[in-house]
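One structure is given here, and the rest of the page talks about it.
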Amino acid sequence: DTVKVTLGDSGTNGHPFVLFARGDVTISGADTTTQWTSDQSLWRTKVAGPSIPHQVYALGTRYPEDQSSPNLPVGRCRYVDTGDSVYINTGGPDPRSTVAYISQDTPIQLNSVSYVHVIGFKVRYSNDDGITGSSWNECIIANCDARFSWRQGIMFNGANHVIVRDNTCNDNGSHGIYLVDTDSSCVVARNTASGNDDPLLARGGVNGIRIGSPSGALPETFITHEDTVEANRTFKNEDSGIEIRHNYVLSRYNQSWDNHDHGFDHLSSTNSTHVGDLRWGDWRDGMSFENGSYQHAVKNCVIANNGRDPCRNDWEMEFDNSALSNLQSDYNVIWRPSYAAEPGDTILINVRGGPQLGSGGSQCNNGNCTSYPDSCFGTLARFKQAFASLEQHSKAAQPTFVDTGAGDFKPLSTSSVIDAADTTVAGWAAKDARGFVRHDYATVTNTGNPAGTYRDIGPFEFDAPPGAPTLEDVSFGK
């Protein structure tokens with residue numbers, strides 16, 4: 001049943017306080033039961049506290065709380081203090097056939113700690129965040145698996161030199177990983193965040209990874225965060241894969257695909273640098289810079305096959321008017337196929353907030369973009385002509401990969417990414433997202449920069465041998 005780890009103690013430099021899971025250790029925020037009583041069209045069971053449950057997992061389904069509807073809808077739960085009972089509406093099926101989990105508490109909570117390492121735990125069914133806290137300094141959260149939380153999988157507020165690496169944060173009710181507000185020099189690396197979704201809202205703004213404040217307002221401009229977000233995999237999240245609301249973020253080798261909003265979104269942020277990131281098959285824009293974001297760099301990235309929502313016309317890249325200020329973007333692959341279901345949805349790049357009509361709209365949905373020639377660019381060539389300082393070495397040729405449906409974005413020999421990167425850009429690494437040394441592939445014509453150091457665009461290098469080394473010795477803030 002419910003277990004909670006609360007820590008207010010600290011380690012020291014060179015002698016950290018380590019919470020290490022030896023073997024398969026699960027910390028649950030839920031009580032379990034099979035004891036349900038039929039109560040008219042609902043099912044009822046007793047709860048002992050310590051808090052009002054926000055969710056129940058039964059019959060393999062999440063039942064989020066609904067305290068307002070006169071009649072409890074199907075697929076919802078409700079706590080009633082009279083009798084300390086919780087009700088669920090299954091729509092008929094008997095929940096007594098399987099164990100149900102009634103969320104009660106937060107599994108791991110760390111407040112005002114330094115030099116604390118949390119390693120290897122499975123965290124399940126939190127009534128709030130799975131692993132959470134505030135005012136962390138020189139801490140590490142690694143190799144943990146946080147799922148089915150009512151809110152975030154991992155969340156911390158006010159941190160300095162914190163590393164969050166090699167975790168899995170799937171199927172939570174809010175963001176998979178969330179760094180809030182005053183975080184400085186933090187590293188978020190090699191994590192997987194998938195299927196995170198607010199069950200109560202059709203559009204809940206739930207990201208795989210979010211870096212920055214809830215409001216995304218610009219009062220943070222005096223802070224140099226210098227956070228690093230690297231080699232993470234974010235997919236099938238309700239909103240964007242990665243959302244950046246901080247300043248001075250280095251984003252490198254991240255793979256974001258099949259998210260229901262953008263692959264990468266920037267809101268009221270400045271000075272982020274993207275190197276070797278990939279966005280593929282997201283429902284809306286592959287990469288978006290909005291709400292006054294400016295002074296960003298996009299280099300050696302793959303932005304392709306996005307805008308998959310059949311009810312909208314979206315773009316591979318979107319820049320509002322301010323985002324053009326000091327923008328650096330080049331040596332990218334920007335590509336879109338022709339969709340059979342939406343033959344007119346062919347816009348590669350939109351600037352200055354051009355119209356964004358639904359499917360079948362008559363404006364800004366054709367390759368020539370004659371209605372809005374200064375905002376909508378259906379071809380990369382026309383964008384290059386309009387903006388002489390941007391994308392001059394970028395390609396619109398198809399990037400081919402091993403298996404995009406399975407999230408395997410290692411390039412094939414036919415891919416346009418091979419030997420096309422600029423190795424002089426800030427943040428470029430000598431190894432790819434697997435730790436494999438980047439190299440020149442002899443049989444492909446070199447189109448990168450500079451001569452003699454030709455490498456591949458995107459997170460992975462082509463032709464990596466079996467058993468390539470892991471990322472354990474690659475930078476990630478070390």
Side-chain angles (χ1 to χ4, degrees), residues 1-6 21 23-109 121-132 144-154 168-174 176 193-202 204 206 236-238:
D1 284 347
T2 303
V3 175
K4 181 173 182 177
V5 176
T6 303
D24 188 355
V25 179
T26 298
I27 302 179
S28 175
D31 289 335
T32 59
T33 187
T34 57
Q35 304 301 309
W36 294 94
T37 301
S38 179
D39 191 335
Q40 299 182 32
S41 61
L42 307 178
W43 294 92
R44 170 175 50 84
T45 192
K46 287 275 191 177
V47 292
S51 59
I52 296 174
H54 293 306
Q55 62 181 5
V56 173
Y57 272 85
L59 300 169
T61 300
R62 181 203 301 258
Y63 293 82
E65 69 172 333
D66 184 328
Q67 298 293 128
S68 59
S69 300
N71 299 311
L72 187 63
V74 174
R76 298 288 187 264
C77 76
R78 176 175 296 165
Y79 172 78
V80 178
D81 56 6
T82 304
D84 291 326
S85 297
V86 65
Y87 292 79
I88 60 173
N89 188 344
T90 68
D94 186 340
R96 293 173 295 186
S97 60
T98 59
V99 173
Y101 301 87
I102 302 173
S103 293
Q104 291 280 277
D105 218 329
T106 301
I108 298 179
Q109 186 163 0
F121 292 92
K122 292 180 179 178
V123 175
R124 298 289 188 268
Y125 308 113
S126 173
N127 207 37
D128 196 84
D129 304 318
I131 301 173
T132 190
C144 292
D145 187 331
R147 302 180 192 230
F148 313 129
S149 299
W150 173 243
R151 298 183 68 195
Q152 282 79 214
I154 298 174
T168 299
C169 296
N170 296 350
D171 302 314
N172 299 289
S174 191
S194 171
N196 298 291
D197 186 9
D198 186 331
L200 296 176
L201 297 173
V206 174
K236 297 185 184 300
N237 296 289
E238 180 271 320

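Below, all heavy atoms of this structure are taken into account, side chains as well, without hydrogens, waters or symmetry copies.
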Which distance, rounded to the nearest 0.5 Å, do you find between the [atom1] of [X] and the [atom2] of [Y]?
X	Y	atom1	atom2	value
Arg78	Asn89	CZ	CG	10.0 Å
Arg96	Thr37	CZ	OG1	7.5 Å
Ile52	Glu65	CD1	CD	7.5 Å
Asp39	Ser85	CG	OG	8.5 Å
Gln109	Asp129	CD	CG	8.5 Å
His54	Asn127	NE2	CG	4.5 Å

Keeping [X] on the side-chain end and [Y] on the backbone end, is there a donor-acceptor pair under 3.5 Å?
X	Y	result
Asn237	Asn196	yes
Gln104	Ser51	yes
Asp31	Val47	no
Ser103	Tyr125	yes
Asp66	Ser68	yes
Thr45	Gln35	yes
Gln55	Ser126	yes
Asn172	Phe148	yes
Asn170	Gly195	no
Asp197	Pro199	no

### Query
Does one side chain, of Tyr57 or Arg62, offer a donor that lies under 3.5 Å from an acceptor on the other?
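The criterion, which ignores hydrogens and geometry beyond distance, is satisfied for Arg62 and Tyr57.
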### Query
Under 4.0 Å between a Lys/Arg side-chain N and an Asp/Glu carboxylate O for Asp84 and Lys46?
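No, no charged N to carboxylate O under 4.0 Å.
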### Task
Check the pair Tyr63 / Thr90 against side-chain contact (heavy atoms from CB on, under 4.5 Å), numbers first and verdict last.
CA-CA 9 Å; Tyr63 293 82; Thr90 68; 3.5 Å; yes
Identify the two heavy atoms, one from [X] and one from [Y], that lie closest to each other, and give their separation to 0.1 Å.
X	Y	result
Pro107	Gly29	CG-N, 3.8 Å
Leu59	Ser97	CD2-OG, 3.7 Å
Asp198	Gly204	CB-CA, 4.4 Å
Ser194	Lys236	OG-CB, 4.2 Å

### Task
Evaluate side-chain hydrogen bond (donor to acceptor under 3.5 Å, both in side chains) for Gln152 paired with Ser174, printing each intermediate quantity in order.
CA-CA 5 Å; Gln152 282 79 214; Ser174 191; 2.8 Å; yes
### Query
Of Asp145, Thr168, Asp24, which is the lone residue that meets side chain to side chain donor-acceptor pair (under 3.5 Å) with Lys122?
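Considering Asp145, Thr168, Asp24, a side chain to side chain donor-acceptor pair (under 3.5 Å) with Lys122 is found only for Asp24.
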### Message
My understanding is that only one of Ile131, Val5, Thr26, Val25 makes a side-chain contact (heavy atoms from CB on, under 4.5 Å) with Phe121; could you say which?
### Response
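When Ile131, Val5, Thr26, Val25 are each tested with Phe121, the side-chain contact (heavy atoms from CB on, under 4.5 Å) holds only for Val25.
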### Query
Knowing that exactly one of Thr106, Val206, Asp128 qualifies, which makes a side-chain contact (heavy atoms from CB on, under 4.5 Å) with Arg151?
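Answer to the side-chain contact (heavy atoms from CB on, under 4.5 Å) test with Arg151 among Thr106, Val206, Asp128: Asp128.
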So do the side chains of [X] and [Y] get within less than 4.5 Å of each other, counting heavy atoms only?
X	Y	answer
Tyr87	Cys77	no
Trp43	Asp94	yes
Arg147	Cys169	no

